[in-house]
Amino acid sequence: MWRSLLLKGTACLLQVADPKFLHQRHFSSLCLRLLTHRLIHRPPCVFRLRGTGSFLAHTGTRTYKKDAKSTVEFPVCPITVTDIKQYIRSKDIPFHDGYSCLHIPSIFVDPSTRKDSLSLFIDKTTGQFLCKDTLVEGSWEDLQDCLEVMQKEEQDFLSPHVMLGYPESLEEQEERERELREVQRIWSSAVPFNDLPEDEAQLIKTMFQISKVSNATLKKFGVRLFKPTKSLVFPWFGGPDSSLKGVKLLSAQNTDTEKVIYNEATVPKISSYYNLFGLPLVGRIDSEVVLTGHELDTLAVSQATGLPSIALPRGVSCLPPILLPYLEQFKRVTLWLGHDIRSWEASKIFSRKLGLRRCSLVRPGEDRPCPLEALARGKNLSRIIKTSIPAAHKSIVSFKQLREDVYGELLNTEQVAGVKWTRFPELNRILKGHRKGELTVFTGPTGSGKTTFISEVALDLCIQGVNTLWGSFEINNVRLAKIMLTQFAMQRLEENLEQYDFWADKFEELPLYFMTFHGQQNIKTVLDTMQHAVYLYDINHVIIDNLQFMMGQENLSIDKYAVQDHIIGAFRKFATNTSCHITLIIHPRKEEDDRELQTASIFGSAKASQEADNVLILQEKKLVTCPGRRSLQVTKNRFDGDVGIFPLDFIKSSLTFSAPVKGKVKLRKVPTKPENEGVEGNKVAAKKDEVKREKAEKANKTTKTSRPAKNPADGK
């Protein structure tokens, strides 16, 4: 019964032919067997096909689900590298244990025509695979199904088309073709530097501060000039045929400080841009490489040292795991990503993905600037690379090993303080910035706007390039995305629907991701998903809203405070080990409405405030005649100890909070009066006191005299 229903569902899947949705396609018998095997042996989970989306395979039903780049889905059955090895051994498949991947012979290439005996790479962390010969990729479940079908059919290999699934939709195909035409147009219009007049070429080099980079180096890497925008063009050649897949345009803008600001644009868009610039020039026998965060730095390293050098497509913000197989051949990887603290932190994070034992890091410093600047200043780049430090570290270190790190923090105080908020300058004044590896606890009264406020705080950082993961267990992702889009556009889009696509396109480009959980969740599941997202998307900031929704799934026989302490300890450890900032929203315990919240008001034991690096409280003073007045109070700041409070104004039209204009919150200064006006002043004061007493008696309340709090907005 179950098997027949699944086969009937399979037939429904294969009969899809709606021209608005998919092109009609004829399936081979082998592809049909592979699909049938998935449905029979893995009901009724998500069946993923390489292409535009995935199908939810249930009994007799068919539902198409569009893949969203901003949705983080953890594999149904998380795997370990031990599980992968055991399965491969059970199939008698030879493998090589690499740095970040397992290497096996490709099952999508005829054994008699294989150029490389081990060209299929399996990620040790996620199980995702990539065949470098055919560019076929998929999940660990996909690979298992292929191997099972091969064994049953007694096949030596499978056709690559088995994993292609359904073709793209008409809209996606048109967009891809349009991007390819744009790539070809830019590339054909771009001019090699050797074809430029000497004075024009020198002027362009001066503008980009690459005067020391020779035309021979630019020609070697295929760098051209796109004259209409005066931009450098970096090509992306890839695939088995080394065809042109995309381009990156780099424009330069000079500032008053004689520094150059570079602006990048990619075709296709950055989320689909996976160019390891310089990879086609690497030989098969090369065992050492220098990874940089910028194409210009790669040019400098190659020219000055002759070493293979590759630029990461997204700089220091992300190292997509799909690129790791292309870096497996190198026994030594030197990461020289830049000259600031952010690049140093990224180097340490990326080295974990690449394998600590083969990585060395160039520590930023006055004598170790970025490669392009080092070339311009006449530095010996080979010597700098040789003095790089190994990424692997021991459990005990001496001050001699910490000395450079301490000096680096003293030298770069602004960068060490973290990413600054643009919408909350008062938060910068107290916390100094948003830093990796910290735990922030945030609380506030029920209904005061905690989620709305923290979403704007996170959005502010996300706009500046902080990769953000939202775990909203209280409200669903659609409502949360609507709030954040309104805050991003700074207006009510329901009143301006004609602008929706414009703002949605811009919002879609943000490095923002959402967990698909809603309601009560188990802490282990949440942590596994966070770990998966940090590895896959290099997440720097995780927001958990809120803690109480994870406590309901734990053992009810255990004390709830002990459960909360365990969860907080797990988040603290995760933040430290992954260098990821976690913002944890916790509801307060019940307090009187007229009492302000304190650190002790956080629900649970004292562990939450003890483990936290920062404690933020959204205070709300309820009023009868008008909306309550809100303020943000920082009661703990482990970075430098500064604490304080500042007022907030809620703008309903854009769902945003902002610090009020200083003139509104400053106390009005009373001018100094002559001595003969002192008596009149006393009379006025006495009259005010009498009015206050009458109001207090009418309200039947006891008047309490207290010293007014100093206004932090005065900055004194």
Side-chain angles (χ1 to χ4, degrees), residues 70 72-75 78-81 99-100 123-128 312 314-324 335 337 341-357 359 361 391-393 395 405 415-416 418-419 433-442 458 461-462 464-471 511-515 517 521-545 547 550 566-585 608 611-614 638-639:
S70 57
V72 176
E73 293 184 6
F74 194 73
I79 58 166
T80 64
V81 66
Y99 298 100
S100 55
D123 192 295
K124 291 182 180 181
T125 303
T126 64
Q128 298 224 351
L312 300 178
R314 305 180 194 177
V316 299
S317 64
C318 182
L319 174 56
I322 196 64
L323 299 178
L324 296 179
L335 289 96
L337 300 185
I341 293 296
R342 187 185 178 196
S343 62
W344 175 243
E345 292 177 346
S347 298
K348 292 188 285 187
I349 294 172
F350 293 171
S351 64
R352 297 172 193 162
K353 285 187 178 182
L354 294 165
L356 290 172
R357 68 179 186 270
C359 290
L361 316 177
H393 56 276
S395 300
D405 287 333
Q415 295 177 11
V416 171
V419 180
H434 178 271
R435 293 166 290 277
K436 294 180 181 179
E438 291 190 350
L439 175 65
T440 295
V441 169
F442 178 62
L461 298 168
C462 190
Q464 299 178 67
V466 177
N467 299 344
T468 304
L469 175 65
W470 252 99
L512 178 63
Y513 305 87
F514 301 89
M515 295 190 222
F517 302 131
Q521 294 296 330
N522 181 274
I523 178 63
K524 185 180 185 305
T525 305
V526 175
L527 288 174
D528 286 344
T529 305
M530 289 165 55
Q531 186 69 53
H532 181 74
V534 167
Y535 179 80
L536 206 61
Y537 305 111
D538 292 297
I539 296 299
N540 306 131
H541 186 200
V542 179
I543 303 99
I544 300 296
D545 183 16
L547 176 71
M550 274 172 292
H566 166 71
I567 294 174
I568 292 173
F571 281 130
R572 169 74 269 176
K573 183 178 180 180
F574 183 91
T576 303
N577 291 343
T578 62
S579 297
C580 181
H581 190 115
I582 295 180
T583 298
L584 185 59
I585 300 177
E611 294 281 9
D613 297 285
N614 313 295
R638 187 169 280 164
F639 179 69

**Fill in**
Taken in chain and number order and not counting sequence neighbours, the residues that satisfy side chain to side chain donor-acceptor pair (under 3.5 Å) with Thr125 are none

**Asked** Are the side chains of Asp405 and Trp344 in touch, meaning some heavy atoms are under 4.5 Å apart?
**Response** yes

**Prompt:** Could you give all pairs that pass the salt bridge (Lys or Arg N to Asp or Glu O under 4.0 Å) test and reach residues 532-545, with sequence neighbours left out?
**Reply:** Lys353-Asp538

**Fill in**
Output for pair (Leu361 CG, Ser347 OG), nearest 0.5 Å, gives 5.5 Å

**Message:** Quick check: closest heavy atoms across Leu536 and Pro321, and the distance to 0.1 Å?
**Reply:** O-CD, 3.3 Å

**Request:** Return the set of residues passing side chain to side chain contact (heavy atoms under 4.5 Å, CB included) with Thr578 (not counting sequence neighbours), or none when no residue passes.
**Result:** Gln531, Val534, Phe574, Cys580

**Message:** By the salt bridge (Lys or Arg N to Asp or Glu O under 4.0 Å) test, which pairs, at least two apart or in different chains, include something from residues 341-352?
**Reply:** Glu345-Lys436

**Message:** Within this structure, what is the CG-OH distance for the pair Leu319 and Tyr537, rounded to the nearest 0.5 Å?
**Reply:** 14.0 Å

**Prompt:** With sequence neighbours left out, what residues match Tyr535 under side chain to side chain donor-acceptor pair (under 3.5 Å)?
**Reply:** Asp123

**Message:** Using the side chain to side chain donor-acceptor pair (under 3.5 Å) criterion, which residues pair with Ser100? Sequence neighbours excluded.
**Reply:** Glu328

**Complete:** Smallest heavy-atom separation, Ile539 atom then Ala533 atom, equals CG1-O, 3.5 Å

**Asked** If you round to the nearest 0.5 Å, how far is CG of Leu512 from CG of Leu461?
**Response** 11.5 Å

**Request:** Go through the structure and list residues passing ring pair (Phe, Tyr, Trp, His ring centres under 6.0 Å) with Phe571, not counting sequence neighbours.
**Result:** none

**Prompt:** What residues form a side chain to side chain contact (heavy atoms under 4.5 Å, CB included) with Thr440, not counting sequence neighbours?
**Reply:** His581, Thr583, Asn614, Leu616

**Request:** Assess whether side-chain contact (heavy atoms from CB on, under 4.5 Å) is satisfied between Thr525 and Met515, documenting all intermediate values.
**Result:** CA-CA 11 Å; Thr525 305; Met515 295 190 222; over 6 Å; no

**Item:** Minimal non-hydrogen separation, Phe350 against Leu337, with atom names
**Value:** CD1-CD1, 3.7 Å

**Message:** Restricting to non-hydrogen atoms, name the atom on Val441 and the atom on Ala608 that form the minimum distance, rounded to 0.1 Å.
**Reply:** CG2-O, 3.8 Å

**Item:** Closest non-hydrogen atom pair between Gln415 and Ile341, with its separation
**Value:** OE1-N, 2.9 Å

**Item:** Gap between atom CZ of Arg314 and atom CG of Leu323 - 0.5 Å precision
**Value:** 8.0 Å

**Atom pair CG (Asn540) and CD1 (Ile349), whose distance is rounded to the nearest 0.5 Å** = 6.0 Å

**Prompt:** Closest heavy-atom contact between Val466 and Thr468?
**Reply:** O-OG1, 2.8 Å

**Message:** Checking Thr576 now: which residues fulfil side chain to side chain contact (heavy atoms under 4.5 Å, CB included) with it, not counting sequence neighbours?
**Reply:** Arg572

**Request:** Please test Leu335 against Leu354 for side-chain contact (heavy atoms from CB on, under 4.5 Å), starting from the C-alpha separation and ending with a verdict.
**Result:** CA-CA 10 Å; Leu335 289 96; Leu354 294 165; 4.2 Å; yes

**Request:** Test side-chain contact (heavy atoms from CB on, under 4.5 Å) on Phe639 and Val416 and set out the steps.
**Result:** CA-CA 10 Å; Phe639 179 69; Val416 171; 4.1 Å; yes

**Asked** Of all residues at least two apart in sequence or in a different chain, which pass the salt bridge (charged side-chain N to carboxylate O under 4.0 Å, His left out) check with Arg435?
**Response** Glu438

**Complete:** Applying side chain to side chain donor-acceptor pair (under 3.5 Å) to Arg638 and not counting sequence neighbours gives Asp613

**Complete:** When rounded to the nearest 0.5 Å, the distance separating NE2 of His532 from CG of Leu469 is 10.5 Å

